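Presented below is the structure to which this report refers.
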Number of protein chains: 2
Amino acid sequence: MPTIKDVAKLAGVSVATVSRVLNDSGYVNLETRQRVEQAISELNYRPNNVARSLFNGRSQMIALLVPDIMNPYFPELARAVEDFTKQNDYTFVLCNTDDDLEKEMHYIYALQQKSVDGIIIVSSKISEERLNEVSIPIVALDRIVSTKISSITVNNREGARQAVKYLKAKGCKRIAHICGPENVSNSKERLSGYMDEVKNEGWLLSSYVVSGDYQYETAMDATKRLLTNHPEIDGIFVANDLMGVAALKATQELGLIVPKDISIIGFDGISLGEQITPSITTMKQPIYEMGTRAAELLIQQINEKSISVQHEQFDVTLIERDSTKKKGGTSFE
Amino acid sequence: MPTIKDVAKLAGVSVATVSRVLNDSGYVNLETRQRVEQAISELNYRPNNVARSLFNGRSQMIALLVPDIMNPYFPELARAVEDFTKQNDYTFVLCNTDDDLEKEMHYIYALQQKSVDGIIIVSSKISEERLNEVSIPIVALDRIVSTKISSITVNNREGARQAVKYLKAKGCKRIAHICGPENVSNSKERLSGYMDEVKNEGWLLSSYVVSGDYQYETAMDATKRLLTNHPEIDGIFVANDLMGVAALKATQELGLIVPKDISIIGFDGISLGEQITPSITTMKQPIYEMGTRAAELLIQQINEKSISVQHEQFDVTLIERDSTKKKGGTSFE
DNA sequence: TTGATTTGTGTAACCCGTTACATATATAGT
DNA sequence: ACTATATATGTAACGGGTTACACAAATCAA
């Protein structure tokens, strides 16, 4: 690959002049500029970003760390971040952490050592203490990691309450909850929202809450166990759509009809939810806007170095689909 | 961030000695080594990878470029590449190209300028000519991009033939095909396989082949049109599972029962196919092995710089699920 | 005309590691 | 005792850019 020296030699100028042309900085005579540009295109020269990064400590690269690339929620989120960062001339890269602290720290260090300009992270494992070791801008998305790190989340608790209220309005008498991992903030909040709405119900049993760990397999097993032990359940609020699909599958394998025998409502609003049959009623997050906003916040932080921490919370919206529509049920308008 | 100089000063040695400790190269006295290690941990020093990259032209980073991160096939593939590259001490990053040549080239250049060590690419747009401008190791995955670039693919044509044969064995009399984009190699091959098996059938109409563009939405519309125009269709071979899900949805919206009224077989073997109801019979690719093998090949290329181009083709396997099981049908053993 | 500015370009230091080479001491071999 | 070799460490060049600073020519102001 040609270097700036080759260009300088071909154009008969110094490397400083070539650099000025490249960065459009300082004074360069028009004629000289043209000679340099000619040389650049002749050699098909592209400046070495590593050298640039070394000098100015920037790489024009932004990374997104997600816990589970196989959950469609994250590709959708990634899509949004990608679009916004690209518009702002950053190279976007995606990394998968398995929600594993070691992998997260490994990526953060590796990226920092590569002078990545900023990181957006979806994490439930990282602690404030560990983050102190890191010196690049970070924004948390979907989950809060620390009060000192800006975050973009949704109103999980309120969303969960709405979901349960909706099931009630549809006529469900015994509502269970498939929850996510207990150490994930949004999972806890969704559980709280559920509890808010059912804690005073006479029918509530502690075994109406089972953990699906935000995973398909776990959720399917959990749902089967739940429904086998409690045939009286006629509504399930599932903490995310991926598990919603699992719950649906479980009910069908048990010979139950959704929504006739049982209603299912999910959370997230991923497109998968409407692609399957029956489509899943859900509490939709504004995924694209959230990703966009997180990227915006991060870029702001990179540029201004102002350390004003912001915690923004979006609202979720009920999307009524086929997994809950009951002939006899009241509409929820 | 502390630099190697800070470490050297604190340990009372030269930077060369610190570097020797870091890289475990050359001679270092045990006592000196300990002093240096002490200084390193005291300062929480981590070598700057950009500087390393600048010197030796390597970044220990590998990238995977995929055309559509929202198609679950690619996250599954990514997962495999990630695992293997990580095992070999590379940092793995994922980039989404939208199957758009501009974005592909943008990423390739950006990554090359960051001294990425190698790229695995899933592309149907890139030409041999454009690839000549690139000077880092590349391996093609899922789709062949050039005879000069090593590739990992599957036997699409044979897989497609098996799929159609299977539908026939199950008793289907009129078999249609939802194909992918016409400029994508594997899509063309799957179409060829379909044609191999039906071209001599008296019932074949050219309108039995419709394009779903490997996209959910397009495929659903296409399927609806197909089945509305041709109610006689009782079997569909769909060129990928994502479109298979769409086809399933379409049939259900038209009031048809799968597999009673119509059988559907997909291609890819993504986990989504077994998560929905009815689960989709498919021609399964060994996705994980393919990703692993591509990464292995790439790393080999990076290390050996031998330019032996290899084109490896994996076989696909029929996975019989619920979208084709018919009581009356013959088993396909 | 002369000093102040603007314009135009080059030299060299710097970013932070790695490593070739130089140097020095210790140990081994004969 | 005297090379030959192993051990130990430092100096400085290098990778490919950016930019502070120096300097010269051109333009401007008074």
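Order of the sequence lines fixes the chain letters, A, B, ..., with proteins taken first and strands second; residue numbering starts at 1 for each chain. Values in this document were obtained by computation on a predicted structure and should not be read as measured data.
- Under 3.5 Å, the side chains of B:Ser151 and B:Glu312 contain no donor-acceptor pair of N or O atoms.
- With rounding to whole Å, A:Lys114 atom NZ is found 14 Å from C:dG17 atom C1'.
- Between A:Arg35 atom CZ and C:dG10 atom C1' there is a gap of 14 Å when expressed in whole angstrom units.
- Checking the phosphate oxygens (OP1, OP2) of D:dA8, no side-chain nitrogen or oxygen of B:Tyr27 falls inside 4.0 Å.
- Atom CG of B:Asp24 is separated from atom C1' of C:dT18 by 15 Å (rounded to the nearest Å).
- The only option from A:Asp142, A:Asp268, A:Asp68 that meets the side-chain hydrogen bond (donor to acceptor under 3.5 Å, both in side chains) definition with A:Tyr73 turns out to be A:Asp142.
- Residue B:Glu128 qualifies as enclosed at atom CD: its count of foreign heavy atoms under 6.0 Å is above 12.
- A:Asp98 and A:Lys125 are not joined by a salt bridge, as no carboxylate oxygen comes within less than 4.0 angstrom of a charged side-chain nitrogen.
- Cation-pi geometry between B:Arg46 and A:Tyr109 is met: the NZ or CZ atom falls under 6.0 Å from the ring centre, inside 45° of the normal.
- Remark: P of D:dT9 and CZ of B:Arg33 are 10 Å apart, rounded to the nearest angstrom.
- Atom CD1 of B:Ile40 and atom C1' of C:dG17 are 13 Å apart (whole Å).
- With no hydrogens or angles considered, no side-chain donor-acceptor pair links B:Arg20 and B:Ser25 at under 3.5 Å.
- Backbone-only engagement by A:Thr32 is indicated by non-hydrogen atom pairs under 4.0 Å involving sugar-phosphate atoms exclusively.
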Where along nucleotides 15-20 of chain D does protein come under 4.0 Å, by heavy atom, of base (B) or sugar-phosphate alone (S), with - for untouched nucleotides? BBBBBB

